[in-house]
Amino acid sequence: MTVLTRVLFGLADVEAYDWQDRTNYTADKVRNQTVQPGEIFTCHPDSGGNIHSITARKPFAMLDVIIPPYSAERECQYYRVQTWKNTFRLKPIVEPYFVIEPEPYVGFPALDTL
């Protein structure tokens, strides 16, 4: 899945990571920026920061456009970032403070002609 995000209002800090070694949970930081109204940024599945964090600096709103394909088997996972000597380790959070319950898509069928 690729996500395009447009900032509607406010300021936020965006950090994004790509896996370096999934078995050791190490990652490379590929984005560390402040975004503001009108800016668009993307998160790609294999590079460009699919693992990301968005922290509002003040009241903030964004619009996400999610572009398929999205793997139904893929679970949403939360991580805590640990930094050690310029190495980033993404420690899985076993019980996040909120839970996302997936629901089946019941809207219009996807068009294969685009």
Side-chain angles (χ1 to χ4, degrees):
M1 150 184 89
T2 299
V3 179
L4 282 84
T5 302
R6 181 181 175 110
V7 179
L8 301 176
F9 65 84
L11 291 173
D13 295 323
V14 177
E15 292 183 351
Y17 302 87
D18 285 339
W19 285 117
Q20 186 182 81
D21 181 351
R22 270 184 193 229
T23 58
N24 291 322
Y25 297 104
T26 55
D28 295 317
K29 186 182 278 190
V30 296
R31 177 178 292 139
N32 187 15
Q33 72 181 105
T34 299
V35 294
Q36 54 192 337
E39 284 191 58
I40 297 173
F41 61 94
T42 59
C43 297
H44 301 278
D46 297 317
S47 65
N50 191 256
I51 304 164
H52 55 279
S53 165
I54 302 171
T55 305
R57 286 183 158 196
K58 55 182 176 176
F60 176 77
M62 64 187 189
L63 173 67
D64 276 347
V65 177
I66 301 171
I67 301 168
Y70 188 84
S71 171
E73 301 84 39
R74 183 174 163 228
E75 293 286 327
C76 184
Q77 177 67 58
Y78 298 89
Y79 299 93
R80 180 167 287 111
V81 179
Q82 299 174 327
T83 306
W84 183 72
K85 294 185 179 180
N86 294 326
T87 299
F88 299 97
R89 175 161 282 152
L90 305 180
K91 183 179 178 184
I93 297 173
V94 178
E95 295 182 23
Y97 59 91
F98 70 97
V99 178
I100 296 174
E101 295 290 337
E103 291 290 329
Y105 175 72
V106 295
F108 295 105
L111 299 176
D112 292 333
T113 57
L114 297 177

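Bear in mind that the values here come from a model prediction, so they are computed numbers and not experimental data.
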Identify the heavy atoms of Leu8 and Pro37 that sit nearest to each other, and give their distance. O-CB, 3.9 Å

Can you name the nearest heavy-atom pair linking Thr26 to Thr87, along with the distance? CG2-CG2, 4.1 Å

Please determine whether side-chain contact (heavy atoms from CB on, under 4.5 Å) holds for the pair His52 and Arg31, giving the CA-CA distance in whole Å, both sets of side-chain angles, and the decisive distance to 0.1 Å. CA-CA 9 Å; His52 55 279; Arg31 177 178 292 139; over 6 Å; no

Single-linkage hydrophobic cluster, 4.5 Å side-chain cutoff, [X] and [Y] together:
X     : Y     : result
Leu90 : Tyr78 : no
Val30 : Tyr17 : no
Phe60 : Phe9  : no

If you apply the rule side-chain contact (heavy atoms from CB on, under 4.5 Å), what do you find for Gln36 with Val7, and how did you get there? CA-CA 6 Å; Gln36 54 192 337; Val7 179; 5.5 Å; no

Do Val3 and Thr42 come close enough that some side-chain heavy atom pair is under 4.5 Å?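 Sidechains of Thr42 and Val3: no contact.
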
Close side-chain approach of Glu15 and Asp13, heavy atoms under 4.5 Å: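 Not touching, per the 4.5 Å side-chain cut-off.
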
Partners meeting side chain to side chain contact (heavy atoms under 4.5 Å, CB included) with Thr23 (sequence neighbours left out):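 Counting only residues at least two positions away or on another chain, Thr23 forms a side chain to side chain contact (heavy atoms under 4.5 Å, CB included) with Asp21.
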
I would like to know whether Asp18 and Ile51 meet side-chain contact (heavy atoms from CB on, under 4.5 Å); could you show each step before the answer? CA-CA 7 Å; Asp18 285 339; Ile51 304 164; over 6 Å; no

Sidechain-backbone polar pair: Arg89 side chain, Asn24 backbone, donor-acceptor under 3.5 Å: yes

What is the distance from atom CG of Leu63 to atom CZ of Arg6, rounded to the nearest 0.5 Å?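 Rounded to the nearest 0.5 Å, the CG-CZ separation comes out at 9.0 Å.
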
Run the side-chain contact (heavy atoms from CB on, under 4.5 Å) check on Glu39 and Phe41 step by step: do they pass? CA-CA 7 Å; Glu39 284 191 58; Phe41 61 94; 5.7 Å; no

Verify the ring-centre separation between Tyr25 and Trp84: is it less than 6.0 angstrom? no

